[in-house]
Amino acid sequence: MPLAPQRADVPVTIDESKCIDGCTLCVDICPLDSLAIDESSGKAYMHVDECWYCGPCAARCPTGAVTVNMPYLLR
């Protein structure tokens, strides 16, 4: 069971109620392969805590389910 979906302090959070089952747009665009699809739910989640805060995952999501949590010092 992945730990990232239950945590609020990861760089990228995915709203599972908005995430489309089987959609891989955010996973495909991530340059670090930080996102993955949960095989049991078909939803995206952040499986590693590494992120460049580049934002294409959020920009590419058609439903707005992906949020990049920018650290205060990077804003």
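From Ile37, atom CD1 reaches atom OG1 of Thr24 across 6.0 Å, with rounding to the nearest 0.5 Å. The CG atom of Asp28 sits 6.5 Å away from atom CZ of Arg60, with the distance rounded to the nearest 0.5 Å. How far CH2 of Trp52 is from OG of Ser34: 9.0 Å, rounded to the nearest 0.5 Å.
Here the side chains of Asp21 and Ser41 are not in contact, with every heavy-atom distance at 4.5 Å or above. Counting only heavy atoms from C-beta outward, the side chains of Val68 and Tyr53 approach each other to under 4.5 Å. Within the 4.5 Å cutoff, no side-chain heavy atoms of Pro56 are placed close to those of Cys30. Here the side chains of Val12 and Leu35 are in contact, with some heavy-atom distance below 4.5 Å.
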inquiry  = Test side chain to side chain contact (heavy atoms under 4.5 Å, CB included) on Tyr45 and Ile14; report intermediate values, then the result.
reply    = CA-CA 6 Å; Tyr45 71 98; Ile14 288 88; 5.5 Å; no

task = Show the numbers, then the answer: is there a side chain to side chain contact (heavy atoms under 4.5 Å, CB included) between Cys51 and Met46?
result = CA-CA 10 Å; Cys51 183; Met46 186 163 197; 3.9 Å; yes

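For Asn69 (side chain) and Val10 (main-chain N/O), a donor-acceptor pair under 3.5 Å exists by modelled atom type. Counting only distance, with no hydrogens or angles, the side chain of Lys18 and the backbone of Thr63 share no donor-acceptor pair below 3.5 Å.
Nearest heavy atoms, Glu16 versus Lys43: O-NZ, 3.1 Å.
A side-chain contact (heavy atoms from CB on, under 4.5 Å) with Cys26 is found for one member of Cys19, Pro62, Cys57 and no other, namely Cys57.
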